[in-house]
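Take a look at the structure set out below.
Remember, it's 1-based here, ligands and their atoms both numbered in the order they're listed. Keep in mind that what you see is a predicted model, and the values were worked out from it rather than measured. Side-chain atoms are counted along with the backbone in the values below, which use heavy atoms only and exclude waters and symmetry mates. Index from 1, following the sequence.
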Amino acid sequence: MGAYETLGLQPVINAWGTVTAMGGSLMAPEVLEAMSEASRSFVDLRALHRRAGEAIARMLGVPAACVTSGASAGLTVAAAACMGRNDSTIVAQLPDTTGLRNVGLILSRHRNRYDQAVRLSGMTLSDVGTTASATIEDVASAISDRTGMFLYLAESEFVPGSLPLGQIAAALAPDGIPLVVDAAAELPPHSNIAAYLEQGADLVVVSGGKEIRGPQSSGLILGSERLIGYCEAHCFPNHSIGRGMKTDKETIVGLFTAVELFVRRDEQAAFDAWETIVAEVVCALCPVDGLQVRRGFPTGPGVQPVAIPRVYVTSVRYSAEELRDRLLDSDPPVAVGVENDEIAINPQCLSPAQVPVVIRAVIEANA
Ligand SMILES: *Cc1c(COP(=O)(O)O)cnc(C)c1O
């Protein structure tokens, strides 16, 4: 009997995506093997943290990387680094930000539940523009001698009220204000990381437990050696704002191994496999009485990554929320997303063998 069963829980078929609430992603056997091996001996954790960061940076083709306990922790550490650099007095002082450049800027349209992670450092966030519109002049006039960083939400790059990353980078450059991109779930494609840095991001924060398929409680901050050095000062295992955001030896080794697999993965083959699943689901559900079915891509914020096709389904009998709940009540439970008034079936975390189960569950949930 597995622990889930002992605890009275049933494994879920995940047609929602790499959402944290469903467990993020599944680790490859090689990752679990490496974690198990790491668990069998002691190691200098500080050296492991640093060496793994260096190796991961080389693999991802970026100057430097800092391992964190998730993208959320990465945002906290990045904000602390922007305010405090590697000044040991400030490292110990945070979250008291007296005397520091302690205001972060963010487009109103980019506000989201994860920006609390920035505020955890002691930094406050100040909105630029309105949720309907923002101009680059709004950004320029918001900058003051208290501005410590600019937080940019990658998934909202193209929504109304957003501005292109490159334009914001150009507006910040004269004052040397660091631009931090929350790209937690914006992989694939792999090329996004380099693209954000090329467009002028100073730090890019990603989750290790989403498409990278490392431990769920892992993440990365990527950027220049200087800024990543500052991040390390505020990050576990140092006594700092990040001390409680622990990355144990198994997590660090697991993430390192997952990145090795991630950079070798045939991305086109993955996209082809997702298209095949989407086509199979569309084909099976289209003829079903009472369902409307289409292939599409997310258009709003909050549904990542935007590059993966979805199957959108509406039922004449049930609202999207009702259909989602009925699917979660299926045996086995099937998790799907809801976008506007449609359910969204995301192939990202589905195995080919699970596809017929999802199809059957949707047909039965609509009955
Ligand atoms: C998932 C997510 C995070 C948090 O990532 P963790 O690795 O779970 O801490 C932060 N920001 C966005 C936009 C996310 O989607």
Side-chain angles (χ1 to χ4, degrees), residues 14 16-27 31 53 56 60 65-80 104 106-121 123 125 149-159 161-162 165 179-189 192-193 196 201 203-222 231 234-236 241-242 244-248 251-252 254-256 258-259 262 298-308 310 335 337-339 344 346 348-349:
N14 182 3
W16 189 358
T18 57
V19 289
T20 302
M22 284 295 139
S25 55
L26 300 182
M27 292 182 273
V31 174
I56 288 169
L60 293 176
C66 177
V67 176
T68 66
S69 63
S72 248
L75 292 171
T76 309
V77 169
I106 182 170
L107 295 174
S108 291
R109 197 64 171 87
H110 285 207
R111 291 307 296 251
N112 71 95
R113 286 168 302 168
Y114 292 104
D115 62 43
Q116 185 176 25
V118 167
R119 291 182 285 114
L120 187 57
S121 68
M123 185 181 268
L125 281 172
M149 68 174 240
F150 197 103
L151 174 63
Y152 191 89
L153 186 66
E155 68 182 49
S156 293
E157 175 153 19
F158 302 112
V159 301
S162 183
L165 182 62
L179 174 54
V180 177
V181 175
D182 177 356
E186 283 314 310
L187 302 171
N192 272 355
I193 295 172
Y196 298 136
L203 292 171
V204 176
V205 175
V206 297
S207 196
K210 293 178 179 170
E211 180 61 13
I212 292 175
R213 298 183 218 164
Q216 194 181 4
S217 49
S218 72
L220 287 166
I221 315 173
L222 309 161
C231 289
H234 295 269
C235 184
F236 177 85
I241 197 92
M245 304 166 193
K246 183 185 278 185
T247 43
D248 52 60
T251 296
I252 297 172
L255 179 61
F256 162 71
V259 172
F262 173 72
T299 49
V303 268
Q304 319 87 354
V306 296
I308 297 179
R310 316 287 210 269
V338 169
E339 290 171 37
N346 179 349
Q348 190 175 8
C349 300

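Listed by number with element, the atoms of ligand 1 under 4.0 angstrom from any heavy atom of E155 are 13 (C). Within the listing of ligand 1, atoms 7 (O), 9 (O) sit less than 4.0 angstrom from a heavy atom of G70.
Protein heavy atom in closest approach to atom 8 (O) of ligand 1: T20 OG1, 3.5 Å. Of the protein's non-hydrogen atoms, D182 OD2, 2.7 Å is the one closest to atom 11 (N) of ligand 1. Summary of contacts: the protein heavy atom closest to atom 7 (O) of ligand 1 is S207 OG, 2.5 Å. For atom 4 (C) of ligand 1, the closest non-hydrogen atom on the protein side is Y114 CE2, 3.3 Å.
Taking 4.5 Å as the limit, every side-chain heavy atom of M123 sits out of range of all side-chain heavy atoms of L151. For the pair P188/Q348, a side-chain contact is recorded, criterion being any heavy-atom separation below 4.5 Å from C-beta on. Under the 4.5 Å side-chain criterion, counting only non-hydrogen atoms from C-beta, R111 is not in contact with L153. You'll find the side chain of R213 stays beyond 4.5 Å of the side chain of F262, heavy atoms only. In this structure, V205 and V77 have side chains that are not in contact, with every pair of non-hydrogen atoms separated by 4.5 Å or more. Considering only heavy atoms from C-beta on, P298 comes within 4.5 Å of R310 through its side chain. Within the 4.5 Å cutoff, no side-chain heavy atoms of V181 are placed close to those of E186.
In terms of polar-atom proximity, A71 is counted as a contact of ligand 1, with an N or O under 3.5 Å from an N or O of the ligand. Taking distance alone, with nitrogen or oxygen atoms compared against 3.5 Å, S72 approaches ligand 1 more closely than that limit.
Contacts of K210 with ligand 1, taken as heavy-atom pairs under 4.0 Å, involve the side chain alone. With a 4.0 Å cut-off on non-hydrogen atoms, L153 touches ligand 1 through its side chain and not its backbone.
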